[in-house]
Amino acid sequence: MPDSAPCPPQALPDSFFDRDAAELAKALLGKVIRHRHGPYWLAARIIETEAYYLSDKGSHASLGYTEKRRALFLDGGHIYMYYARGGDSLNFSAHGPGNAVLIKSAFPFIDALSDANSLAQMQLNNPDASNQPRPPERLCAGQTLLCKALGLKVPHWDGKRFDAEQLFVEDCGIKVKQIIQTTRLGIPHGRDEHLPYRFVDADFARHCTRNPLRRGQVEGRDYFLLTQGN
């Protein structure tokens, strides 16, 4: 579909993504990913993101340009997907070559467009280890769980732009009051693991990949609270 195709009224334009990666990571909190899956629009509210830069040793882009990593080097609003721990992961390119945001976790979103049938489809897409429906709060609690629940696959979307008829990110008017800023997860030692480029919607901290407010974590040492609207 051409880039000029009309988008739903609140769908984020490509220009939204053309900003600094950390700023984009914060701005995406509270936004809603919608993916068309058969007759349903599956939807999830973004609650956790991680920013990555070309100069950051923890980023894929720091390993150099390859055709597989091409989307990371394109302008903001391109989709970069890769396999992590046997599952699919979703990223969006930001401003500047090699800069991007990983969508780390989300929370099922229900409204008139994405109703209870959509949630049921997400549960079918992502059952637990016993093949039973996951509770909604665990459906998207991790980058691969999120993609599985939404039915997003590397071969279908890697390197693509958003498609108003299939996949887009929407501004549904949700205001995020507080953001938790902390270090990213799973970064190997010596790969800039100390950088505070992970951002969590504080209201959903207990539902993200790893709760930054868990017992033993100290504000000002292990995390910072940012108060803002977006």
Side-chain angles (χ1 to χ4, degrees), residues 17 19-33 44-63 72 80 82-96 98-109 128 134-149 169 174-230:
F17 300 85
R19 66 177 81 187
D20 173 81
E23 292 305 311
L24 177 59
K26 289 184 282 187
L28 281 167
L29 296 175
K31 304 302 187 289
V32 174
I33 303 170
R45 168 182 173 168
I46 299 170
I47 65 170
E48 180 185 16
T49 57
E50 290 182 347
Y52 289 88
Y53 292 90
L54 176 62
S55 58
D56 167 10
K57 294 177 183 177
S59 73
H60 288 193
S62 70
L63 301 174
L72 290 175
Y80 171 60
Y82 65 90
Y83 296 109
R85 297 178 289 280
D88 306 82
S89 292
L90 178 67
N91 304 255
F92 304 141
S93 64
H95 179 75
N99 304 330
V101 172
L102 168 65
I103 308 305
K104 195 73 176 172
S105 66
F107 197 89
F109 185 77
D128 66 17
R134 289 182 194 270
E137 64 272 15
R138 301 307 303 165
L139 264 181
C140 307
Q143 64 199 69
T144 59
L145 293 174
L146 163 65
C147 288
K148 192 171 183 181
V169 183
I174 296 169
K175 301 299 182 183
V176 176
K177 297 176 182 177
Q178 277 196 321
I179 293 173
I180 302 165
Q181 181 173 1
T182 185
T183 52
R184 296 168 300 187
L185 301 175
I187 305 296
H189 179 71
R191 302 295 294 179
D192 289 334
E193 71 279 5
H194 65 287
L195 294 174
Y197 289 163
R198 178 180 170 225
F199 302 93
V200 177
D201 181 340
D203 286 344
F204 287 81
R206 67 189 183 280
H207 301 308
C208 72
T209 307
R210 189 180 186 195
N211 188 352
L213 302 181
R214 65 191 182 279
R215 182 175 298 178
Q217 298 299 289
V218 178
E219 183 178 357
R221 183 193 71 186
D222 302 302
Y223 68 89
F224 299 91
L225 280 176
L226 312 176
T227 301
Q228 65 174 48
N230 70 330

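Since the structure is predicted, the reported quantities are computational estimates derived from the model, not experimental observations.
For the residue pair A27 and R19, the shortest heavy atom distance occurs at CB-NH1, 3.4 Å. Nearest approach of L24 to F17, heavy atoms of both residues: CD2-O, 3.7 Å. The shortest heavy-atom contact between R198 and C208 is NH2-SG, 3.5 Å. Minimum interatomic distance between A149 and L139 (heavy atoms only, all atoms of both residues): CB-O, 3.8 Å. When every heavy atom of L29 is checked against every heavy atom of F199, the shortest pair comes out as CD2-O, 3.9 Å. Minimum interatomic distance between A21 and A94 (heavy atoms only, all atoms of both residues): CA-CB, 3.8 Å.
Counting heavy atoms from C-beta on, the side chains of N91 and V101 never come closer than 4.5 Å. Between R134 and L145, the closest side-chain pair of non-hydrogen atoms falls below 4.5 Å. Side-chain atoms of I180 and L225, non-hydrogen and from C-beta on, do get closer than 4.5 Å to each other. Under the 4.5 Å side-chain criterion, counting only non-hydrogen atoms from C-beta, T183 is not in contact with Y197. By the 4.5 Å heavy-atom criterion applied to side chains, F224 and I179 are not counted as neighbours. S62 is listed as a side-chain neighbour of R191, based on a closest heavy-atom distance under 4.5 Å. Using a 4.5 Å cut-off on side-chain heavy atoms (C-beta onward), R45 and I33 make no contact. Contact check for I174 versus F109: side-chain heavy atoms found under the 4.5 Å cut-off.
Ion pair R184/D192 not flagged as a salt bridge, since none of the NZ, NE, NH1 or NH2 atoms sits closer than 4.0 Å to an Asp/Glu carboxylate oxygen. Salt-bridge check for D203 with K175: failed, with every basic side-chain N at 4.0 Å or more from each acidic carboxylate O.
Using modelled atom types, no side-chain atom of Q217 and backbone atom of R215 make a donor-acceptor pair closer than 3.5 Å. The backbone N or O of A22 lies less than 3.5 Å from no partner atom in the side chain of K26, so there is not a single donor-acceptor pair. A distance-only check finds no donor-acceptor pair linking the side chain of Q143 to the backbone of L90 [under 3.5 Å]. With hydrogens and angles disregarded, a donor-acceptor distance shorter than 3.5 Å links the side chain of R214 to the backbone of N211. Under the 3.5 Å distance criterion, the side-chain polar atoms of N99 are left unmatched by any main-chain donor or acceptor of S93. Between the side chain of T144 and the main chain of G87, no donor-acceptor pair closer than 3.5 Å is present. Using modelled atom types, no side-chain atom of D56 and backbone atom of Y52 make a donor-acceptor pair closer than 3.5 Å.
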Starting from the C-alpha separation in whole Å, work towards a yes-or-no answer on side-chain contact (heavy atoms from CB on, under 4.5 Å) for L185 and E50.
-> CA-CA 9 Å; L185 301 175; E50 290 182 347; 4.0 Å; yes
Can you check side-chain contact (heavy atoms from CB on, under 4.5 Å) on L102 and T49, steps first, answer last?
-> CA-CA 6 Å; L102 168 65; T49 57; over 6 Å; no
Could you walk me through whether V200 and Y223 pass the side-chain contact (heavy atoms from CB on, under 4.5 Å) check?
-> CA-CA 10 Å; V200 177; Y223 68 89; over 6 Å; no
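Summarising the local packing, CZ of R210 is surrounded by 12 or fewer heavy atoms from other residues, nucleotides or ligands at distances under 6.0 Å.
Here SG of C140 is found 12.0 Å from NE2 of H207. Values are rounded to the nearest 0.5 Å. The NE2 atom of H194 lies 11.5 Å from the CD1 atom of I187; values are rounded to the nearest 0.5 Å. Going from atom CD1 of I47 over to atom CD of E137 covers 10.5 Å, rounded to the nearest 0.5 Å. Rounding to the nearest 0.5 angstrom, the gap separating the CG atom in L195 from the OG1 atom in T182 is 11.5 Å.
A search for ring pair (Phe, Tyr, Trp, His ring centres under 6.0 Å) contacts involving Y82 returns H60, Y80, not counting sequence neighbours. Evaluation of the side chain to side chain donor-acceptor pair (under 3.5 Å) rule for S105 yields E48 as partners, not counting sequence neighbours.
The closest side-chain donor-acceptor pair between D20 and Y53 falls under 3.5 angstrom.
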